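Since the structure comes first, as C-alpha cells, the remarks are kept for the end.
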Amino acid sequence: MFGLVQYNFLSHIGFSLLLISYIITNILYLRILLTISSVFLASWSLIVLKGDVGLSVLIWNCLFLIINFIQSIILYKKKLKELKESEIT
C-alpha cells in the first residue's frame with residue numbers, strides 16, 4: 001500500500017490541471033489541458049487504484065481523454081481554416 005503512495009503525484013498533477021482549466025477562457029487551450037489532465041488521472045487510476053473503483057476511474061478518464069482530444073483536433077483545424085481565410089482576404 002505505502003509503495004503506491006509515491007505515485008500520488010500523478011493525481012495531484014491531474015487535479016491541478018483540472019483546477020487550472022476553470023480559469024482558462026480559450027476553448028482550444030481548455031480542451032488540451034483537460035486532455036493532459038485525463039492522461040495523468042487515467043495513469044494514476046491504473047497504477048494506484050485497485051478493483052472496481054480503479055477500473056471505473058480509468059474508463060471515465062479514458063472517455064474524457066478521447067472526447068477532449070477529438071474536440072481539440074476539430075477546434076485546431078477550424079482555427080487553421082479561419083487563419084487561412086483571413087490571409088486570403
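All residue numbers in this chain count up from 1 along the given sequence. On a predicted model such as this, the values are computed, not experimentally measured, just so you know.
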Hey, any chance [X] and [Y] share a hydrophobic cluster, counting ILVMFWY side chains that come within less than 4.5 Å of each other, even indirectly?
X     : Y     : result
Phe9  : Ile47 : yes
Tyr76 : Leu83 : no
Val57 : Val48 : yes
Leu19 : Leu41 : no

Measure the [atom1]-[atom2] distance between [X] and [Y] for me, rounded to the nearest 0.5 Å.
X     : Y     : atom1 : atom2 : value
Leu30 : Ser21 : CG    : OG    : 5.5 Å
Leu75 : Leu80 : CG    : CG    : 11.5 Å
Leu34 : Gln71 : CG    : CD    : 11.5 Å

Check: residues 10-18 side-chain donor-acceptor pairs under 3.5 Å, at least two apart:
from: Ser11; atom 1: OG; to: Asn8; atom 2: O; distance (Å): 2.7
from: Ser16; atom 1: OG; to: His12; atom 2: O; distance (Å): 2.6

Open item on the list: What verdict does the side chain to side chain contact (heavy atoms under 4.5 Å, CB included) test give for Lys79 and Glu82, after you've listed the backbone C-alpha separation in whole Å, the side-chain angles of each residue and the deciding distance to 0.1 Å?
Closed with: CA-CA 5 Å; Lys79 190 72 157 172; Glu82 289 173 359; 4.1 Å; yes
Task: Residues clustered with Ile66, ILVMFWY side-chain links under 4.5 angstrom - done: Ile70, Ile74
Task: Connected hydrophobic set around Trp60, excluding itself, where side chains approach under 4.5 Å - done: Leu63, Phe64, Ile67
- [ ] Kindly indicate whether the side chain of Leu65, heavy atoms from C-beta on, has any atom under 4.5 Å from the side chain of Val39.
- [x] yes
- [ ] Quick one: list whatever passes side chain to side chain donor-acceptor pair (under 3.5 Å) with Asn61, sequence neighbours left out.
- [x] none
- [ ] Name all residues meeting the side chain to side chain contact (heavy atoms under 4.5 Å, CB included) criterion together with Leu55; count only those two or more places apart in sequence or in a different chain, and write none if there are none.
- [x] Ile59
Open item on the list: Can you pull out every side chain to side chain donor-acceptor pair (under 3.5 Å) where at least one residue sits in residues 23-43? Sequence neighbours excluded, please.
Closed with: Arg31-Asn68
Open item on the list: Give me the atom names and distance for the closest heavy-atom approach of Leu58 to Leu46.
Closed with: CD2-CD1, 3.8 Å
